[in-house]
2 protein chains.
Amino acid sequence: MATAAARSLPRARKRANAAGNGDANRRAAIVRAAARLFRERGFDGTTVRDIAAAVGMRSGSPFYHFANKEEILFAVMEEGLRQGLARSEAALAQGGDARARFFALVRAHFGILLEDGSDFIPVMLYEWRRLPPAYRRKLIAVKDRYDALWQGVIAELAASGQMRGDPKLARLLILGAVNFAATWFKRDGGLSIDALARASAEFFLAPRRAPGTR
Amino acid sequence: MATAAARSLPRARKRANAAGNGDANRRAAIVRAAARLFRERGFDGTTVRDIAAAVGMRSGSPFYHFANKEEILFAVMEEGLRQGLARSEAALAQGGDARARFFALVRAHFGILLEDGSDFIPVMLYEWRRLPPAYRRKLIAVKDRYDALWQGVIAELAASGQMRGDPKLARLLILGAVNFAATWFKRDGGLSIDALARASAEFFLAPRRAPGTR
DNA sequence: CCTACCGATCGGTAGG
DNA sequence: CCTACCGATCGGTAGG
């Protein structure tokens, strides 16, 4: 998790971390504040001074924790993928048939996008181009694992006639539809995240045959 | 179309336009170049110098045509909506049943997002937050007209059992899925825009009953 | 539309 | 992690 960051940090920082003091908490606070600001104002629209002020530091101090601004962006996205994978795997671990697991995955992903403090994945979706290619490569492997979770469930649904079309296209369309909710969903709009997830999942699935019909 | 810009432009510019010379061409060239750059690098990642250089001007010259950088962004989005509305209305004007018009609308929108030189609407989708609120208000009315075109066709499909779920949610999910293709679709990927549009529209529609079954 | 320029801001650093 | 600072860049302008 800290592999990429560790390579370019000052020696003093590495010592502090090894000593097990509270340094990691400050780093996590920076990442959290940066995620919120990057989501609200974009990467280029957020200054390192903004991030520092949000955690009560002076303007130069974030560079004690990160070699440069891009590394903060990388840390935000890495944290998003970590949380997203953990949450999605937990959803799938509850078991049930393909339909139930699909519901759980849709609900988990809406949560990652729309719940309070869930700024990490939206930043990854909307600021991806700002991340230098060298950093991108490190995240793509993790993104692929995330996509594979979806692909597995969708392929299962397709095989049993519960979802139409090519499974890969289905995955891209479904994830696109869900991801775009980050731009239009308002929590005070009367629709809960649970209800949104349920209705969306139903929309994507082929209608279930009522028992006793054929 | 030029209403918003005209208010804040230098007097010399207004005179030139009224005289009917080629000034408008230079302005259009700036908007086109800005659209491409904003899409590639984002609004904050693009400098006015970049835009000027792309059309063979010196760094200060775009300000002869636009009062400030935000006004260039506004012009890009305004042009995108103008083109998008014209193209969508043309698609609908071809007539046919609701299913055929839905296909035409999906195809038109994919074109607006994915064809060469179609940078205007992607900029609107991905740089919307960068546009100052006063400018946003002017565009929302046009955006609403665009949404209404989709809502009409989708409501018709829903009423005839060819689309499931709440029509408004269906519109948001479908447009989200289509819009997100701007981030993943590669023209050299072997899938044509036509084929993508056909397969996607089929995915969203409830299965058509085969003739002779019930 | 160009020349020449300015004030402000920003990412980043040295040294403690 | 702070103080004090720098070099570069950027949006924008005056005057022609």
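Residue numbers begin at 1 in each chain, while the letters A, B, ... track the order of the sequences. The figures that follow rest on heavy atoms only: side chains count, while hydrogens, waters and symmetry mates do not. Remember, predicted model here, so these are calculated numbers, not experimental data.
Summarising the geometry, the separation between CZ on A:R58 and C1' on C:dG11 is reported as 18 Å, rounded to the nearest angstrom. Distance B:I51 CD1 to D:dT9 C1': 15 Å, rounded to the nearest Å. If you measure from atom CG of B:D50 to atom P of D:dT9, you get 12 Å, rounded to the nearest angstrom. When rounded to the nearest whole Å, the span between CG of B:L73 and P of D:dG11 equals 13 Å. Atom CZ of B:R41 is separated from atom C1' of D:dC10 by 14 Å (rounded to the nearest Å). For the pair A:F43 CZ and C:dC10 P, the computed distance is 13 Å after rounding to whole Å. If you measure from atom CG of B:D44 to atom C1' of D:dC10, you get 11 Å, rounded to the nearest angstrom.
Between B:R129 and A:E127, at least one side-chain N (NZ, or NE/NH1/NH2) sits under 4.0 Å from a carboxylate O, which counts as a salt bridge. Between A:D119 and A:R32 there is no salt bridge, since none of the side-chain N atoms of the basic residue sits less than 4.0 Å from a carboxylate O of the acidic one. A salt bridge links A:D116 to A:R187: one of the charged nitrogens lies within less than 4.0 Å of a carboxylate oxygen.
Judged by a 6.0 Å distance limit and a 45° cone about the ring axis, A:R164 is positioned over the six-membered ring of B:F203.
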Please list each protein N or O that sits under 3.5 Å from an N or O in nucleotides 12-16 of chain D, with the distance.
{"unit_1": "D:dG12", "atom_1": "OP2", "unit_2": "B:K69", "atom_2": "N", "d": "2.8"}

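Counting heavy atoms from C-beta outward, B:F43 and B:K69 have side chains that approach closer than 4.5 Å. Counting heavy atoms from C-beta on, the side chains of A:T47 and A:L37 never come closer than 4.5 Å.
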Next on the checklist: Run the side chain to side chain donor-acceptor pair (under 3.5 Å) test on B:H109 and B:N179 for me, step by step, so that the C-alpha distance in whole Å, both residues' side-chain angles and the decisive distance to 0.1 Å come before the verdict.
Outcome noted: CA-CA 8 Å; B:H109 197 73; B:N179 283 337; 2.7 Å; yes
Item to check | Watson-Crick and G-U pairing of DNA chain C written in dot-bracket, each distance under 3.5 angstrom, with | for inter-strand partners | outcome: ||||||||||||||||
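Residues satisfying the salt bridge (charged side-chain N to carboxylate O under 4.0 Å, His left out) criterion with A:R58, sequence neighbours excluded, are absent altogether.
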